[in-house]
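Step one of this worksheet: look at the structure below.
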Amino acid sequence: MTTIAKTRFIGGALAVALALSASRCAAEGKTAQLIIRADQGKDTINRNIYGHFSEHLGHCIYGGYWVGPDSSIPNTRGIRNDVVQALREIRIPVLRWPGGCFADEYHWKDGIGPQENRPSMVNTHWGGVTENNHFGTHEFLDLCEQLGCEPYICGNLGSGSVEEMADWVEYITFDGKSPMADLRRKNGRDQPWKLKYFGVGNENWGCGGSMRPEYYADQYRRYQTYVKNFSGNQIFKIACGPNGANYEWTEVLMRDLAAGRRPMLQGLAPHYYCGTGSKSRAATKFTEVDWFSNLQRALRIEELLNGHEKLMDKYDPPKRVAIIFDEWGAWHAVEPGTNPGFLYQQNSLRDAMVAGLTLNIFNNHADRVKMANIAQTVNVLQAMILTDGPKMLLTPTYYVYLLYKVHHDATLLPTELAGPEYAFEQDKVPAMNVSASRDNSGKVHVSLVNIDPHNAVEVKAQLEGLRAKRINGQILTAGEITTHNTFEKPDTVEPASFNDAKATDGGFTATLPAKSIVVLEIEG
Ligand code: AHR
């Protein structure tokens, strides 16, 4: 059996004929036929699709980034250098903070001024621990400057006031004389920061206030009115989006906020977690049933995007409102012996697959998806980095971000893929997915994911508009589906060179091993 996966570009009669013949060819064995239209493409893959999310949750902020200036762990103004360096390597483009559910109980004024004077609070969502507010607005914006990324702040609509939200934006961005700008100066920062991305609440259908969409839409209208553009700073306002397949949420928000001459939002932020396995929820102790079910749920994000985009197109055909997919990823059981409220999980080759295929899907929706933020960067859920005191390791998911950075701000190329299926018990899913882009220098990059844990797939690719002269590749794979990096053996899963791609007359061939991710660079 064969599946034909097309991107959302409509091909001509030739494309259909090729795809059909490809489908017949693929039906005969584990081969896939790929067409890449290297001379086409109109949408840019916004680098913010490779964005991140970090919440005051477990050891993401405290221990993950923040160790304090007096720590023996090398740091710059309290922020650990090893973590900053690792995230700079993947060119982290944007970081969302302070939550998550935490955002709608966070009162930012508790997190400014001398640290010893900052009041503490209870982090009710995440372990009921005491939050001492040592990491606040100044520390977060310093972190973003060290990382060289855009800050994305989520405001408190659920339990905060309109005034509090308005004051935060004024505090950060106003360069004149005002109560908030003066307070910022008193706290040591003379110049305002630039702040583009601002979320008006988080999951307000749940932890952010249990609101109905109509109620949230009205609240959003009111709060966003006071989120002002000061001193040349232009805010991109992001509304809380739907949970998974809650299409009613998208319909009501688009109808009430986006249908007018000037939309009241620039971004809508859906959330979707693909969960974990069917039998075992463990991050590293699972069998094929869990591998299959987790990846099947990860692939569902394509269907969700299509559903929400259809509604967005209904109210906003010119695509003025972007999808900002600001929480996604795999959610497994916490590591044994750790605080259940801290969401600390290991990260295996399976998580790399989740990342690789999801990022391909986001790339292919680049006309509407302008940002995505995997949850969460350090020590929480599908993390890039795990730390243990002074030790740090990079997860398989991190390496997907390292390999895929070639897609940042590149032009998305139309692709068509006719490939084999991966069948397990009574069910099946496409074994492969793909996205391709052309960068400023004309190089084409193709990211291919083969989730079948047993079978290699031979990809026969036709490159339209480019004659491949040189092909380089990198591969991420491992011996077992559960393979992962540990503090004792941190280099178990790492990218390696891939030399199994060859230029052919009209394109190239490449044999993808079972359970692998390959990124090719093609020069004409
Ligand atoms: O990422 C963990 C939590 O998941 C976030 O705080 C919340 O927004 C979502 O439910």
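Reckoned from all heavy atoms, side chains included, excluding hydrogens, waters and symmetry mates. Ligands are counted one by one from 1 in listed order, and the atoms in each one are counted from 1 as well.
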Starting from [atom], locate the nearest protein heavy atom and write down its residue, its atom name and how far away it is, to 0.1 Å.
{"atom": "atom 8 (O) of ligand 1", "result": "Glu327 OE2, 2.7 Å"}
{"atom": "atom 1 (O) of ligand 1", "result": "Tyr273 OH, 2.8 Å"}
{"atom": "atom 10 (O) of ligand 1", "result": "Glu203 OE1, 2.7 Å"}
{"atom": "atom 3 (C) of ligand 1", "result": "Trp126 CZ2, 3.6 Å"}
{"atom": "atom 2 (C) of ligand 1", "result": "Gln376 NE2, 3.6 Å"}

* **Qualifying residue, where the test is side chain to side chain contact (heavy atoms under 4.5 Å, CB included) with Met432 and the options are Val449, Leu448, Asn360** =>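 Running side chain to side chain contact (heavy atoms under 4.5 Å, CB included) over Val449, Leu448, Asn360 with Met432 returns exactly one hit, Leu448.
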* **Validation row: Pro242, Leu268 side chains within 4.5 angstrom (heavy atoms)** =>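 Yes. Closest side-chain heavy atoms under 4.5 Å.
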* So, do Glu131 and Tyr106 sit near enough that their side-chain heavy atoms are less than 4.5 Å apart? ->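 No. Closest side-chain heavy atoms not under 4.5 Å.
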* Do the side-chain N and O atoms of Glu164 and His107 include a donor-acceptor pair separated by under 3.5 angstrom? ->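 Their side chains do contain a donor-acceptor pair, which is all the 3.5 Å distance test asks for.
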* **Glu139-Gln115 side chain donor-acceptor pair, cut-off 3.5 Å** =>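 Per modelled atom types, Glu139 and Gln115 side chains form a pair under 3.5 Å.
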* For the cysteines Cys101 and Cys207, is the SG separation below 2.5 Å? ->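 Bridged: Cys101 to Cys207.
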* Asked: Which bit of Asn202 is near ligand 1, meaning a heavy atom under 4.0 Å away: side chain, backbone, both or neither?
  ->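 Only the side chain of Asn202 comes within reach of ligand 1.
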* Under 4.0 Å, heavy atoms only, figure out whether ligand 1 is touched by the backbone of His125, its side chain, both or neither. =>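 Neither part.
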Quick one: which ligand 1 atoms are inside 4.0 Å of a heavy atom on [X]?
{"X": "Cys101", "answer": "5 (C), 6 (O), 7 (C), 8 (O)"}
{"X": "Gly100", "answer": "5 (C), 6 (O), 8 (O)"}
{"X": "Leu381", "answer": "1 (O), 2 (C)"}
{"X": "Phe53", "answer": "1 (O)"}

* To do: Look at atom NZ of Lys109 and say whether more than 12 heavy atoms of other residues, nucleotides or ligands are closer to it than 6.0 Å.
  =>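 Buried by this count: over 12 neighbours within 6.0 Å.
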* Identified ring-ring contact (aromatic ring centres under 6.0 Å, His included) counterpart of His56 within the set Trp97, Tyr65, Phe140, Trp126 ->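 Passing option: Trp97.
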* **Residue-ligand contact Trp331/ligand 1, heavy atom below 4.0 Å** =>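 True for this residue.
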